[in-house]
Protein chains: 4
Amino acid sequence: MSRQTTPLGRPRDPELDEKLMTAALLEYAQLGWGAFTMQGVARRAGVGKSALYLRWANKEQLLLDSVESVALTLRVNVDTGSLTGDLTALATALLEHFLDPIGWATLRITIDVTADFTDLQPFQQRIVRSLRTAAAGAFTRAVERGEMSADTAHEPLIESLFGAVLMHTLSRTQDERDHARAYPGEHVGPLVDVIVRSARPTKK
Amino acid sequence: MSRQTTPLGRPRDPELDEKLMTAALLEYAQLGWGAFTMQGVARRAGVGKSALYLRWANKEQLLLDSVESVALTLRVNVDTGSLTGDLTALATALLEHFLDPIGWATLRITIDVTADFTDLQPFQQRIVRSLRTAAAGAFTRAVERGEMSADTAHEPLIESLFGAVLMHTLSRTQDERDHARAYPGEHVGPLVDVIVRSARPTKK
Amino acid sequence: MSRQTTPLGRPRDPELDEKLMTAALLEYAQLGWGAFTMQGVARRAGVGKSALYLRWANKEQLLLDSVESVALTLRVNVDTGSLTGDLTALATALLEHFLDPIGWATLRITIDVTADFTDLQPFQQRIVRSLRTAAAGAFTRAVERGEMSADTAHEPLIESLFGAVLMHTLSRTQDERDHARAYPGEHVGPLVDVIVRSARPTKK
Amino acid sequence: MSRQTTPLGRPRDPELDEKLMTAALLEYAQLGWGAFTMQGVARRAGVGKSALYLRWANKEQLLLDSVESVALTLRVNVDTGSLTGDLTALATALLEHFLDPIGWATLRITIDVTADFTDLQPFQQRIVRSLRTAAAGAFTRAVERGEMSADTAHEPLIESLFGAVLMHTLSRTQDERDHARAYPGEHVGPLVDVIVRSARPTKK
DNA sequence: TATTAAACGAGACGGTACGTCGCGTCTTCTT
DNA sequence: AAGAAGACGCGACGTACCGTCTCGTTTAATA
């Protein structure tokens with residue numbers, strides 16, 4: 001006769017959700033698709049398979065969900081006083097994201113999702129949007145400061161900067177990536193410069 | 001007395017090598033890692049599994065080899081008379097490469113390879129190198145024309161341009177990608193502009 | 001506090017054990033070693049391969065186990081009032097066993113086992129023993145009746161009778177075996193006679 | 001215009017026929033059906049697969065042929081002066097045949113052939129016949145000597161003796177079979193006795 | 001002596017079964 | 001009802017062998 005029915009039986013362990021997604025990302029990051037297994041995730045989390053299948057229908061769903069939960073972490077939007085400073089902060093954050101195994105796993109899955117014709121826009125877009133809005137703030141402030149003319153399109157600049165960071169990570173050897181982890185500034189600086197120089201107002 | 005011994009037994013069918021790699025890339029492009037199977041490749045190529053396993057030890061090797069054989073295709077180096085023209089040609093080729101299912105598959109595999117700690121530099125580097133050398137030519141000619149100062153670093157510009165194309169492909173929906181396939185110029189133009197403006201010599 | 005722990009997880013389907021062994025024997029009886037396949041057994045039983053490999057490590061083990069479970073069926077020991085009657089009952093049972101495809105399969109496997117140097121005595125002996133004990137009863141009663149002297153060795157008589165039935169089955173054509181199935185008495189009679197005459201006490 | 005055409009080309013190596021069949025029997029005797037392979041036979045004989053498939057269409061044909069070529073070896077027919085002596089010679093020969101790995105392999109294959117509904121009478125019968133004719137001689141001489149009445153049926157006696165030897169081999173452990181190899185007389189004696197006693201004329 | 005056609009060693013090839021392992025579902029007992 | 005454990009039907013893995021098919025080389029009989 002209770003109106004506000006508490007669900008019967010044992011309640012779900014709320015800590016498991018996050019624990020399982022973390023385990024999934026680690027497993028994927030270390031082993032790749034080929035050796036990524038549900039029982040591997042369960043083992044790593046010290047859990048039975050039921051706990052997984054009660055929450056996700058299959059491997060793909062688990063991975064997508066896990067990736068999404070991580071993507072929201074990437075929220076950087078600081079005013080450092082200059083466009084170079086703002087973009088450096090952003091690019092550094094992204095570089096570190098890509099250098100982190102889990103961040104890289106996120107990218108791999110995004111790439112795979114993009115390939116499937118089943119257009120998982122909501123998933124994909126949410127991640128990209130967080131990057132764009134962060135960059136938009138930096139550009140707006142730059143225009144106010146006069147570092148950039150108001151009619152410059154943001155989109156190509158954003159794609160160039162973030163794409164450059166991605167390409168940089170992608171085209172380097174393991175040793176160079178290790179170096180970037182230690183000294184991100186040296187790697188990000190030249191890339192930010194490209195954007196800042198491109199954005200600077202044309203002299204008369 | 002012959003030093004140059006012909007290998008014994010029936011020789012391998014040389015047509016099969018290419019046929020199998022093509023089948024593998026198509027299979028991967030359509031299905032992704034999750035549903036990519038050796039027997040699927042064999043079936044598609046109308047071939048027994050033995051023909052596959054005589055050449056490659058496992059799925060990974062087959063895919064890596066297939067990707068490498070495709071990567072060499074990407075050879076663009078034309079002199080159009082202007083930096084904008086040269087870079088547009090390059091970026092368009094790359095965009096079309098990424099919009100092609102097989103080209104995209106190539107990227108996916110490169111990403112996966114980068115993740116593995118087993119540093120497959122020779123593989124990875126060979127692909128990237130073909131891009132860099134193509135761009136280097138364009139920049140050299142630009143310096144000669146006076147469109148660009150001699151002391152501008154190439155590397156960040158290259159990473160920005162190619163990364164931008166990649167990020168562009170990655171962050172768009174299926175519909176937008178279809179549009180890019182039809183009108184690549186509209187998509188590539190703004191990205192090339194970013195680079196050209198960044199590279200232009202500073203006015204006194 | 002419970003010492004007698006119930007085994008964890010879903011319990012094995014107890015009906016499957018027998019179903020699988022029956023399917024295995026039928027498959028073997030119909031197709032022989034050459035075409036006997038595990039997936040064939042699984043298909044016939046409407047079962048996945050896992051169910052088989054959870055119970056038996058390989059083809060050989062499955063067949064041995066199956067044979068053993070059938071061998072125990074051969075239990076005949078009746079007192080018909082005369083040695084001839086008792087032995088006829090026994091020999092008829094054995095003849096019918098050999099004429100049955102599954103019974104014959106049992107023999108084939110026993111022969112194979114005997115050949116292997118890995119001496120699977122427990123298996124082999126258990127089958128033979130059931131025959132010997134049955135015959136021993138008949139001989140004991142014959143001695144009591146005075147049909148046979150007490151100091152006659154049982155073993156050679158047993159081997160002669162059962163061996164004769166086996167050789168009879170082995171050396172006949174398919175047509176003759178069909179006839180034996182219909183009229184076992186005509187085939188068994190002469191063989192029993194040989195034994196009875198050999199066993200009869202010597203007249204002074 | 002030659003009438004007696006010699007076949008063209010390189011003639012078949014006549015030594016190979018026997019060499020290959022011997023290799024086949026050894027392979028089968030040591031490994032059994034399960035691990036009996038054509039390439040194994042070829043390897044053991046130091047020969048390519050072609051040499052095998054030029055002579056036999058498949059594994060089965062090779063084995064049947066090999067068995068048949070061996071069976072003809074079993075030709076014993078000596079007059080020792082007594083029925084016991086004659087039968088002992090025969091039974092000993094058969095016992096040694098069964099104790100020899102190749103002889104045992106012959107039996108295994110015979111058993112398998114008997115099981116198949118494809119009634120390979122010519123094969124099967126030829127082997128059995130050689131045994132029967134040998135025994136027939138011994139019985140004929142026994143009748144002449146007065147050790148046996150003329151109207152006693154031969155067939156059951158033959159089946160009993162040879163069957164007894166077979167059953168004896170079949171029901172013993174490896175150790176006991178080793179003993180029989182060293183002292184065949186001890187094992188054959190009791191079995192021959194059974195037959196001789198059964199065959200002796202009834203005293204008035 | 002040179003030609004010719006089959007025999008032969010080697011091994012690629014299209015298949016299929018092996019025995020293993022992971023999927024996603026199910027059934028059992030425990031919490 | 002959640003959860004750990006593990007059986008189950010299914011199907012791919014990578015291996016090994018089937019019987020067929022090229023290759024190049026060898027070996028007699030013929031020309």
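Values below: all heavy atoms of this structure, side chains included; hydrogens, waters and symmetry mates excluded. Every chain is numbered from 1, with letters handed out A, B, ... down the list of sequences.
Under the rule for a side-chain contact (heavy atoms from CB on, under 4.5 Å), the partners of C/Leu52 that lie at least two apart in sequence or sit in another chain are C/Leu20, C/Met38, C/Val41, C/Ala42, C/Trp56, C/Leu62. Applying the side-chain contact (heavy atoms from CB on, under 4.5 Å) criterion to A/Asn58, with sequence neighbours excluded, gives A/Glu60, A/Gln61. Partners of D/Leu26 according to the side-chain contact (heavy atoms from CB on, under 4.5 Å) rule, which considers only residues two or more places apart in sequence or in another chain, are D/Thr22, D/Arg44, D/Ile102.
Sorted by first and then second residue, the side chain to side chain donor-acceptor pair (under 3.5 Å) pairs involving residues 10-21 of chain C (not counting sequence neighbours) are C/Asp17-C/Arg55.
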Interface polar pairs with nucleotides 7-13 of chain F, N/O, under 3.5 angstrom:
unit_1 : atom_1 : unit_2  : atom_2 : d
F/dA7  : O4'    : C/Arg10 : O      : 3.3
F/dA7  : N3     : C/Arg10 : NH1    : 3.3
F/dC8  : OP1    : C/Asp13 : N      : 2.8
F/dC8  : OP1    : C/Arg55 : NH2    : 2.8
F/dC8  : OP2    : C/Arg55 : NH2    : 2.3
F/dG9  : OP2    : C/Gly48 : N      : 2.9
F/dG9  : N7     : C/Ser50 : OG     : 2.7
F/dC10 : N4     : C/Ser50 : OG     : 3.2
F/dA12 : O5'    : B/Gln39 : NE2    : 3.4
F/dC13 : OP1    : B/Met38 : N      : 2.7
F/dC13 : OP2    : B/Met38 : N      : 3.2
F/dC13 : OP2    : B/Gln39 : N      : 3.3

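Separating the NZ atom in B/Lys59 from the CH2 atom in B/Trp33 is a distance of 4.5 Å, to the nearest 0.5 Å. Note that CG of C/Leu16 and CG of C/Leu54 are 10.0 Å apart. Values are rounded to the nearest 0.5 Å. In this structure, OG1 in C/Thr37 is found 9.5 Å from NZ in C/Lys49, a value given to the nearest 0.5 Å. Once rounded to the nearest 0.5 Å, the distance linking CH2 of D/Trp104 with CD1 of D/Ile109 reads 12.5 Å.
Nucleotides of DNA chain E with any atom under 4.0 Å from a heavy atom of chain C span, from 5' to 3', E/dA17 to E/dT28.
At whole-Å resolution of the value, CD in B/Glu15 and C1' in F/dT22 are 15 Å apart.
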